[in-house]
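Right, one structure below, let's go through it.
Just so we're on the same page: letters track the sequence lines, and every chain starts at 1.
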Amino acid sequence: MTSERYNPRAAEAFWQSRWDEAKLFNLEPSTSSSREKYYVLEMFPYPSGRIHMGHVRNYTMGDVIARYKRAKGFDVLHPMGWDAFGLPAENAAKKNNIHPKGWTYDNIAVMREQLQSMGFSLDWSREFATCDVDYYHQQQKLFLDFYDHDLIYRKKSRVNWDPVDQTVLANEQVIDGCGWRSGAPVEQRDLTQWFFKISNYSEELLSALDGLDRWPEKVRTMQRNWIGRSEGLKIRFEIEATSADAILTSSTLEVFTTRPDTLFGASFMALSPEHPLTTQLASHSPQIEEFVKECQRQGTSLAEIETAEKKGFDTGLRVKHPFVEGKSLPVYIANFVLMDYGTGAIFGCPAHDQRDMDFARKYGLEVTPVVLPPDQQEASFYLQDEAYIGEGLIINSDFLNGLSIEDAKNMVAIRLEKNLVNGVAQAERQINYRLRDWGLSRQRFWGCPIPFIHCDDCGTIPVPQNDLPVVLPDDIDLNQSGNPLEMHPTWGKVKCPNCGMSARRETDTMDTFVDSSWYFARFTDPKSETPTNRAVVDHWLPVDQYIGGIEHAILHLLYSRFFTRAMKITGHLELKEPFRGLFTQGMVVHETYRDNDGNWIAPAEIRIDETDGKRTATLLDSNQPVSIGAIEKMSKSKRNIVDPDDIISTYGADTARWFVLSDSPPDRDVIWSEAGVEGAHRFVQRIWRLVNGTANLGVSSSMANPLQYTKETAPEILVTTHKALANVDKMISELRFNSAIAQIHSLVNAQEQALRKLSQTSGEFEKATMLFCIKTTIQMFAPMMPHLAEECWKIFDNSKMVATMIWPEVDQELIVETSMVLPVQINGKKRGEVKVAAGAAKDDVEKAVLALDFVQAALSGKTPRKLIVVPQRIVNVVV
RNA sequence: GCCCCCUUGGCGAAAUUGGUAUACGCAGCAGACUUAAAAUCUGUAGGUCGAAAGACCGUGCCGGUUCAAGUCCGGCAGGGGGCACCA
């Protein structure tokens, strides 16, 4: 006999240690298993201090899949680790005057325990942190391999500098002109930086998106836009001879355009302030030099770019129009032309580009329309200050007149490709991408050291493999400004491995996104003495189901796709794409509360009352009223946080797991509410009563297995249970956890009804059926509430754990319907029902329907105009 | 500015090949048990009209296709997200 209420606190700790002792979730790094592999992975956490509800939701979803797939007979890999390098550790260390390492590992210890208290079926034997020397040692090896394969280079470039975090940021890490972490407006600086050649893979990364059919369309679209492919023409314009000839190193100017069809509408050329031609001219012209400096002072924040005026400087140079004899175009330097896209120079066609229009109006340049909108007459078509960018036919363009835009583009390309300037074709077709190379240098301490050495004589050379790892020093001074590695008295001083003379270590560390770009591969054999163990990594990858936040749609997921390609080239794995299935889960959100002074109040500090449907909140300690605000993402600043530890100690992990899965579809935000959690907990107790009630029927064990029945003798509850099982099976495999939970709710409702009709004196067959149904139900909710499931299972079977049981099988024959109730519509509106045999022929259904009283009445003796019978679905009588 | 997504009861949501709209849960209301409360159980529940049977209306708004539209098409409104001086 068991206690009346289920006590999660004792049960959860007990079963967690039982699973642990049995090493149920630990897998040897084997490839020889006869079972099919399944790799489920949730994005690993940054060890910020404590886990939050977002983690609970993310890891619960992953755990449901892992436990479900395990029950389905797969070898499931479900590892966990820590994305442990990064700036917060440095900031915290500075504040508390400790080493970032200590802060990080302390946090990991706390968070590991929190995750374990949730009962996740994780393989902790594979755990690592990216700040472990072993992990970043392997990463340094990878880095040198990439370098050897020409996937990494170093160059001086204009970079995004975060003045608060005192570091360089990748383009992907600049959001609206501000640093992604600090939020500070980003400045431009010229620094020598390390880059990954991700742009080598622009086309590959783009086209392979089509094959990722188990990724959300939204993420694929975002990546497509980010890679930003555009087809166009690179055109060489001849520079007219002038007195400046002597200072120019080239007699042509190259531009990239996607609109060669508008070439006859061109009225000016514009160079980027950083264009080589600009630089050459500036060296001989103080005015140009001054203009370039002015452009460089221009900010790069969102507001500054939006309000920035189009500014230009006429260089006096002119280029020849390729098709119009005697026509030439002025060459400007313009502040809106980007050096790192295309060729850093454009031709301006004001009539059909808004930016060019603004520029032309400002400097009094010609505006010639060359595309006629379909609804316009040539005579009446003229342009004010708005460029026309739509479809139409070409006008004012000599041999292009009357062509479509598409045909005109082609025609221009064909002509210019044949046209030779100084023996070179005047144009070639080109495809450009927005995607830039990934700048990975960070001027920070708490990251993976870049394994290179600078020697005055030998240049920048890799650290020899035997000298790896380059380990971060423990004795650092974080209170100085700048990079502590650079300030360290001895760490950077080394002998050149080439010539043996004094040399300096590279003091930049790697972007932490490097760490997370291959951790999923390392999990397959985390102790391997090479970055990966080929036999093992090729067996386990790709990740079958990856789960994480949408915020990584571009950064992490694009970098990982690049790394997979780079690791393939360097022989570390054989794989096209790292993540076969991707799921982006929604956030956990909560109401916000503020007191009369506008201070944010935490949910734990208030009481909610409800009268006449109106909810009011009051402070617990002072009874002061509190205003209820918008529902927002849980955040420290708004204090609308619910601590998972509090929920676990009050209701237990299973209640928390059930709740985060139950209300909302997993890709949408879930609103955390006290009432919702209590509802989930009530259901936990209901199951407990149902299971114990069934146990109290007293079933002789000999009756239970196997159950003897036929389709005719099967009790209704058995059919209901098998139907629910079929549905739950389908819904879990489609990650529709909220729907699976609704099914289980319905099933439990039905089973409570069924149990009520039984007693100890009922027939053994009825009791055994009930027992079978309950055991099946326990297995169904086990992936979501594993502790409760074990505790319930134990009542019937003390020898095995649910976690070791295989998933129950649906009796397909039992759930096939023998008769059906079809809705009957008259003129498309439901007016009644008809009961027919499941396989009834159309004729028979028609006869049955026409015999119905309400159909006869509607027809009043006439024949129906139409009679539509959709088998298994519906009947519609059109009168 | 460009691109994408969403809009269903008081609330979270189901309806996943165009075929019974509102399953399941939360909050509510009524009742049972109880000295009482909690816990638990039962019933009820889109709107309007009606005593009832029932009728009509109803998935953001307007229109279309269809025997049949939450679902498909066109337009509009509101909300959210991504990119953004990319030639």
Side-chain angles (χ1 to χ4, degrees), chain A residues 4-5 175-177 216-226 228-230 232 255-259 262 270 272 298 300 302 304-306 308 310 334-338 340-349 353-356 358-359 389 432-436 550-551 553-554 610 612-613 615 659 662-665 668-671 673-680 682-683 685-686 689 730-731 734 736 738-749 752 756 821-833 864-879:
Chain A
E4 206 167 295
R5 278 183 78 79
I175 316 289
D176 293 342
E217 191 49 51
K218 183 182 172 146
V219 174
R220 293 198 282 170
T221 304
M222 281 164 72
Q223 291 210 355
R224 268 187 207 109
N225 293 340
W226 186 263
R229 181 184 203 269
S230 52
V255 305
F256 174 75
T257 180
T258 55
R259 294 295 303 271
T262 65
S272 159
Q298 178 188 313
T300 52
L302 175 69
E304 284 166 317
I305 286 172
E306 257 183 8
K310 305 279 171 279
N335 62 344
F336 62 87
V337 181
L338 305 173
D340 53 2
Y341 185 78
T343 64
I346 60 163
F347 80 73
C349 175
D353 183 288
Q354 192 55 50
R355 231 178 16 226
D356 296 348
D358 296 346
F359 192 82
I389 53 169
N432 267 343
Y433 302 90
R434 277 178 12 113
L435 184 66
R436 313 287 155 77
I550 186 81
E551 66 273 17
I554 297 172
E610 184 151 352
D612 303 330
R615 300 173 69 247
F659 175 70
S662 62
D663 259 6
S664 299
R668 260 187 250 180
D669 292 350
V670 64
I671 302 169
S673 74
E674 193 66 18
V677 180
E678 280 168 9
R682 264 202 302 277
F683 189 66
Q685 300 297 348
R686 260 177 74 192
R689 281 193 301 275
K730 185 164 184 284
M731 285 159 178
E734 291 170 1
R736 296 168 57 210
N738 56 323
S739 297
I741 280 177
Q743 273 295 326
I744 293 173
H745 264 288
S746 294
L747 177 61
V748 166
N749 288 346
E752 282 173 340
R756 218 162 287 141
V821 175
L822 295 183
V824 177
Q825 296 180 330
I826 291 175
N827 291 336
K829 289 192 176 172
K830 190 193 165 190
R831 285 292 182 262
E833 291 171 338
R865 290 207 292 151
K866 237 179 194 181
L867 186 56
I868 292 144
V869 178
V870 184
Q872 320 286 315
R873 288 283 187 188
I874 203 165
V875 180
N876 192 7
V877 185
V878 184
V879 184

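- Heavy atoms of A:Ser673 sit nowhere under 4.0 angstrom from any nucleic acid atom.
- Between A:Gly676 and A:Met222, the residue whose closest nucleotide on RNA chain B is further toward the 5' end is A:Gly676.
- A:Arg224 CZ: more than 12 foreign heavy atoms inside a 6.0 Å radius.
- For the OP1/OP2 pair of B:U20 and a distance below 4.0 Å, the side-chain nitrogens and oxygens of A:Lys830 include no atom meeting the criterion.
- Both A:Asn876 and A:Asn738 lie close to RNA chain B; mapped to their nearest nucleotides by heavy-atom distance, the more 5′-ward contact belongs to A:Asn738.
- Under the 4.0 Å criterion applied to side-chain N and carboxylate O atoms, A:Asp340 and A:Arg436 are assigned as salt-bridge partners.
- For B:U42, one of the phosphate oxygens OP1 or OP2 lies less than 4.0 angstrom from a side-chain nitrogen or oxygen of A:Arg756.
- Going from atom CD1 of A:Ile671 over to atom C1' of B:G12 covers 6 Å, rounded to whole Å.
- When heavy atoms are screened at a 4.0 angstrom cut-off, A:Gln825 is found touching base atoms of the nucleic acid.
- Side-chain contact check for A:Ser272 versus A:Tyr341: every heavy-atom pair is 4.5 Å or farther apart.
- A:Asn749 comes within contact range of the sugar-phosphate backbone alone, with a heavy-atom separation under 4.0 Å but no base atom that close.
- Nucleotides B:G19 and B:C56 place their P atoms 23 Å apart, quoted to the nearest Å.
- Nucleotides B:G75 and B:G54 have their P atoms positioned 43 Å apart, rounded to a whole Å.
- Note on A:Val878: only backbone sugar-phosphate atoms sit closer than 4.0 angstrom, heavy atoms only; bases stay farther off.
- Counting non-hydrogen atoms under 4.0 angstrom, A:Ser746 reaches the backbone sugars and phosphates but no base.
- Applying the 4.0 Å criterion to OP1 and OP2 of B:A23, one finds that A:Ser739 has every side-chain N and O outside that range.
- A:Arg220 comes within 4.0 angstrom of nothing in the nucleic acid, heavy atoms only.
- Between the CZ atom of A:Arg5 and the P atom of B:A39 there is a distance of 9 Å, given to the nearest Å.
- Taking 90° from 0 as the syn/anti boundary, the base of B:G9 is oriented syn.
- At the heavy-atom level, A:Arg865 lies nowhere under 4.0 Å from the strands shown.
- Side-chain nitrogen and oxygen atoms of A:Arg682 include at least one within less than 4.0 Å of the OP1 or OP2 phosphate oxygen of B:A27.
- Within the 4.0 Å cut-off from OP1 or OP2 of B:G58, not a single side-chain nitrogen or oxygen of A:Lys829 is found.
- Phosphate contact (OP1/OP2 of B:A68, side-chain N/O of A:Arg873, threshold under 4.0 Å): absent.
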